[in-house]
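Remarks on the structure that follows.
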Amino acid sequence: MPAASQAERAETFRALHAGKPFVIPNPWDAGSARVLAALGFQALASTSSGFAFALGRRDGETSLDEVVEHTAVLASSTALPLSVDLENGYGPQPESAALAVQRIGEAGAVGGSIEDWEADEGIYELELAVERVTAAVEAARRLPFPFTLTARAENHIRGNPDLDDTIARLQAFEAAGADVLYAPGLRIADEVRAVCEAVSRPVNVLARPGLTMAELEAAGAQRVSVGGALTWTAVEAFASAARRIYERGDFSGLASDPPLDRLFA
């Protein structure tokens, strides 16, 4: 078992948000978590889409029980702080968001995110969205360590790229006590800058191929995640090599064995 206690990881995670901007990559299983830790990253965040893929499903098709089990696996795989993608909290009620936070905290996570969207209902009305963040914050504060709660405004990846509404939501989530604010899908540095200037809490930004870390830092981002993108990068390499084998009997796409002795040390 990793030597760092959950309380120590929680304090480390909090300190990261007060220091230099950092990347928090998203593993989809224990092996990818260990590789990212070996490469030197300072914290990890789960990916709901990557985890669903690992189970042979689409994003949004996992249960809270499955995510809690996944949390325990990731948390025990490395000594790094772990934040968990809780989607909408596995239910529209504020109580659902609170329960999700409580359960992943008990499973080893030191942070987690709650969205203001679900497939059936779409974007929640602001009042309900704030109630859900408030309940999640209250659940986080009841844990015996400083759990870092991230509140997400989903507009920009759910067909409503209304920056003013996104900012209003993030400001309301900040007032409700969220520790980190996150609007996935911001497309350009000016949008990132507008969000970061409108709130006083750390902002997480979803990486995009057209924006560098330096540009995101300059725009005010404190934390940069990659979502499911590392999963899809791995899947594309896998599918490409397999396609060549199937279509042409070409094994040239197969890589040599990775240095697991070093990566899993």
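The closest side-chain heavy-atom distance from T62 to H70 is not below 4.5 Å. Residues R9 and L82 form no side-chain contact, since every pair of their non-hydrogen atoms from C-beta on lies 4.5 Å or further apart. Using a 4.5 Å heavy-atom cutoff, the side chains of V84 and V68 are not in contact. Side-chain contact check for R152 versus I157: some heavy-atom pair is nearer than 4.5 Å. Put simply, the side chain of E154 reaches to within 4.5 Å of the side chain of P184, judged on heavy atoms. Here the side chains of Y182 and L206 are in contact, with some heavy-atom distance below 4.5 Å. D116 has its side chain out of reach of N155: every pair of non-hydrogen atoms, C-beta onward, lies at least 4.5 Å apart.
A distance of 10.5 Å separates CG of D65 from OH of Y90, quoted to the nearest 0.5 Å. Summarising the geometry, atom CD belonging to Q171 is positioned 9.5 Å from atom OG belonging to S200; distances are rounded to the nearest 0.5 Å. Separation of atoms CZ (F173) and CD1 (I114) is listed at 10.5 Å; rounding is to 0.5 Å. Note that SG of C196 and CG of L170 are 9.5 Å apart. Values are rounded to the nearest 0.5 Å. Within the model, atoms CZ of R243 and CZ of R248 stand 9.5 Å from one another, a figure rounded to the nearest 0.5 Å. Between atom CG of residue L128 and atom CD1 of residue I123 there is a gap of 12.0 Å, rounded to the nearest 0.5 Å.
In terms of hydrophobic clustering, with Ile, Leu, Val, Met, Phe, Trp and Tyr side chains grouped at heavy-atom distances under 4.5 Å, L216 and V23 are assigned to a common cluster. Taking hydrophobic clusters as Ile, Leu, Val, Met, Phe, Trp and Tyr residues chained together by side-chain heavy-atom distances below 4.5 Å, L36 shares a cluster with F22. Residues V203 and V192 share a hydrophobic cluster, clusters being chains of Ile/Leu/Val/Met/Phe/Trp/Tyr side chains in contact below 4.5 Å. In this structure, I24 is a member of the same hydrophobic cluster as V35, with clusters built from ILVMFWY side-chain heavy atoms closer than 4.5 Å. The hydrophobic clustering, which links ILVMFWY residues whose side-chain heavy atoms are closer than 4.5 Å, places L149 and L126 together.
Scanning both residues, T71 and A107, for their nearest heavy atoms gives CG2-CB, 3.9 Å. The nearest pair of heavy atoms linking A176 to V133 is CB-CG1, 4.0 Å. Of all heavy-atom pairs between I104 and G111, the closest is CD1-O, 3.6 Å. Closest approach of A207 and V224 over heavy atoms only: CB-CG1, 3.8 Å. When all heavy atoms of F145 and A10 are compared, the pair lying nearest together is CD1-CB, 3.7 Å. Minimum interatomic distance between D85 and S113 (heavy atoms only, all atoms of both residues): CA-OG, 3.6 Å.
Heavy-atom contacts from other residues, nucleotides or ligands closer than 6.0 Å to CD of E125 number 12 or fewer. The number of heavy atoms from other shown groups lying within 6.0 Å of CD (E106) is above 12. For E247, the CD atom is densely surrounded, since the number of other residues' heavy atoms within 6.0 Å is greater than 12.
Defined by atom type and a distance below 3.5 Å, a donor-acceptor pair is missing between the side-chain atoms of D179 and T148. Side chains of N26 and S225: a donor-acceptor N/O pair is absent below 3.5 angstrom, by distance only. No hydrogens or angles considered: a donor-acceptor pair under 3.5 Å links the side chains of S48 and D59. In the model, Y124 has a side-chain atom that pairs as donor or acceptor with a side-chain atom of E118 under 3.5 Å.
Put simply, the side chain of Q6 gets close to the backbone of A109: a donor and an acceptor are under 3.5 Å apart. Q42 places no side-chain N or O within 3.5 Å of a backbone atom of P81 that could act as its donor or acceptor partner. Between the side chain of R132 and the backbone N or O of N88 there is at least one donor-acceptor pair closer than 3.5 Å. Without hydrogens or angle criteria, T134 side chain to V130 main chain gives a donor-acceptor distance under 3.5 Å.
Looking at L74, L230, L55 one by one, the single match for side-chain contact (heavy atoms from CB on, under 4.5 Å) with W28 turns out to be L230.
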Cut-off 3.5 Å, no hydrogens considered: what does the side-chain donor-acceptor table look like for residues 257-265, sequence neighbours left out?
none

message = If you apply the rule side-chain contact (heavy atoms from CB on, under 4.5 Å), what do you find for V73 with D29, and how did you get there?
response = CA-CA 8 Å; V73 169; D29 61 10; over 6 Å; no
ask   = Going through the distances and angles, do V67 and R103 end up as a side-chain contact (heavy atoms from CB on, under 4.5 Å)?
value = CA-CA 9 Å; V67 169; R103 292 194 61 192; over 6 Å; no
message = Quick one, R141 with V137, criterion side-chain contact (heavy atoms from CB on, under 4.5 Å). Give me CA distance, side-chain angles, the key distance, then yes/no.
response = CA-CA 6 Å; R141 301 299 177 259; V137 168; 3.9 Å; yes
ask   = Is there a side-chain contact (heavy atoms from CB on, under 4.5 Å) between I245 and F251 once you walk through the steps?
value = CA-CA 6 Å; I245 293 170; F251 301 103; 3.7 Å; yes
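Relative ring orientation between F13 and H17 is described as perpendicular, the plane-to-plane angle rising above 60° on a 0-90° scale split at 30° and 60°.
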